[in-house]
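I have placed the structure first, in the form of structure tokens, so that the comments after it can refer back to it.
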2 protein chains.
Amino acid sequence: MRITYKGDYALKTILDLAVHYGDSPVTIHDLARRADIPTKFLEQILLDLKRGGFVESRRGKVGGYLLAKHPAEIKVGNVIRFIDGPTEPVACLEKDYSGCQDMFRCVFKPIWQKINRAISNIVDNITFEDLIKQLQAKKEAIIYQI
Amino acid sequence: MRITYKGDYALKTILDLAVHYGDSPVTIHDLARRADIPTKFLEQILLDLKRGGFVESRRGKVGGYLLAKHPAEIKVGNVIRFIDGPTEPVACLEKDYSGCQDMFRCVFKPIWQKINRAISNIVDNITFEDLIKQLQAKKEAIIYQI
DNA sequence: TACTATCTCTATCATATTAGTAGAGTATAC
DNA sequence: GTATACTCTACTAATATGATAGAGATAGTA
Ligand code: FES
Ligand code: FES
């Protein structure tokens with residue numbers, strides 16, 4: 001698995017929208033500025049995320065983007081897989097893969113399967129609500145430090 | 001981390017050479033045929049592996065390739081990293097990376113670190129000697145089955 | 001209504017990576 | 001001295017990545 005800039009931008013954007021969950025829409029401009037993402041690139045990413053059911057949009061003045069679900073309902077893995085594709089380290093492991101006939105013989109397959117399970121265990125067990133809590137914990141730690 | 005064809009071919013080639021460790025050199029032709037790898041592509045991979053100190057070569061008649069170290073001395077992770085690059089899921093984690101200033105703030109970093117550790121734990125704890133043993137165990141299982 | 005902020009959509013582009021292919025050259029055993 | 005086998009550099013086609021450009025649609029409001 002490889003996290004691309006697009007995936008990184010998508011995660012940061014979803015997190016930003018998660019932080020503003022329940023508030024009024026956030027504009028592309030604000031999202032781009034806060035996460036330092038090229039605006040026109042983010043436009044495309046947000047359209048993708050909308051098609052993926054992660055976000056909703058409001059047009060016109062007072063428009064912008066909103067998270068389509070509660071932050072607790074979105075896992076990091078959902079976003080990564082939707083934007084950057086499968087997390088499997090080799091094509092052999094992906095669903096509907098026709099090659100890899102001599103599966104029984106490939107002594108490397110168990111390695112790829114282990115890696116695959118390890119990655120899934122991580123990215124599918126953390127939601128954006130968890131991330132927000134971590135952010136808040138960090139903030140408090142900083143205040144306490146002062 | 002993403003295993004490319006080149007990495008896959010390199011692993012299968014090293015395994016083949018590991019199986020023939022101690023024997024006479026194995027030709028590119030035989031390696032290519034057995035693992036179904038385009039011969040000219042494998043030539044390049046073997047030159048890379050030679051520069052990486054994984055294999056040795058003998059020219060002329062009765063020439064071919066030999067494993068440069070004992071199979072127990074070569075980890076799967078060594079080959080993957082040498083051929084396909086770092087196993088880290090994001091550039092931020094790689095050594096000498098200058099970006100990612102607000103490290104303290106990036107709530108995703110612990111996720112990438114976890115994944116990185118998980119992958120390393122897997123690929124750095126299996127040698128080609130281990131793989132050969134697994135191959136032999138499979139062979140015996142098949143014989144027993146018959 | 002006109003204006004403006006905002007999202008929507010399609011196309012285009014530069015660069016890098018991937019997965020090879022081609023062909024001439026070098027060394028060695030016999 | 002010739003066949004066999006590795007060596008080296010260059011080239012190529014296809015795809016992915018990380019954007020940029022510009023015209024269009026929609027909604028609030030003066
Ligand atoms: S050939 Fe499919 S996992 Fe090895
Ligand atoms: S910005 Fe470097 S890990 Fe998130």
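Quick note on labels: first sequence line is chain A, next is B, and so on, each numbered from 1. Since the model is a prediction, treat every value here as computed from it, not as a measurement.
- Whole-Å rounding puts the B:E43 CD to D:dC6 P distance at 8 Å.
- Under 3.5 Å, the side chains of B:T13 and B:D16 contain no donor-acceptor pair of N or O atoms.
- Taking atom NZ on A:K40 and atom P on C:dC13, their separation rounds to 16 Å, with Å as the unit.
- The side chain of A:Y65 lies closest to C:dC7, out of C:dA19, D:dA5, C:dC7.
- The closest side-chain heavy-atom distance from A:I14 to A:V55 is below 4.5 Å.
- Atom CD of A:Q44 is separated from atom P of C:dC7 by 15 Å (rounded to the nearest Å).
- In this structure, the CZ atom of A:R58 is 16 Å from the P atom of D:dT26, given to the nearest Å.
- Along DNA chain C, the nucleotide nearest A:G64 and the nucleotide nearest B:D84 are compared for position; the residue whose nucleotide lies closer to the 5' end is A:G64.
- OP1 or OP2 of D:dA19 lies within a sub-4.0 Å distance of a side-chain N or O belonging to A:Y9.
- Residue A:V62 places its side chain closer to D:dG28 than to any other of D:dG28, D:dA19, D:dG22.
- Here the side chain of B:D84 pairs no donor or acceptor atom with the backbone of B:I80 at under 3.5 angstrom.
- One finds no side-chain N or O of B:T27 lying less than 4.0 angstrom from the OP1 or OP2 phosphate oxygen of D:dC6.
- Between A:K50 and C:dT8 there is a side-chain polar atom (N or O) within less than 4.0 angstrom of OP1 or OP2.
- In terms of position along DNA chain D, the nucleotide closest to A:G7 lies nearer the 5' end than the nucleotide closest to the other residue of the pair A:G7 and A:G60.
- Per the geometry, CD1 belonging to A:I45 stands 11 Å off C1' belonging to D:dT17, to the nearest Å.
- One atom, CZ of A:F41, and another, P of C:dC9, lie 18 Å apart when rounded to the nearest Å.
- When distances are taken from the side chain of A:P38 to each of D:dA19, D:dA27, C:dC9, the shortest belongs to D:dA19.
- B:L15 places a side-chain heavy atom less than 4.5 Å from the side chain of B:L135.
- Here A:L46 lies out of heavy-atom contact (under 4.0 Å) with every strand.
- The distance between atom CZ of B:R2 and atom P of D:dT15, rounded to the nearest whole Å, is 14 Å.
- Regarding contacts with the backbone of D:dA16, every side-chain N or O of A:T4 stays at 4.0 angstrom or more from both OP1 and OP2.
- Considering all non-hydrogen atoms of both residues, B:I3 and B:D8 come closest at CG2-N, 3.9 Å.
- Between A:I37 atom CD1 and D:dT17 atom C1' the separation is 16 Å, expressed in whole Å.
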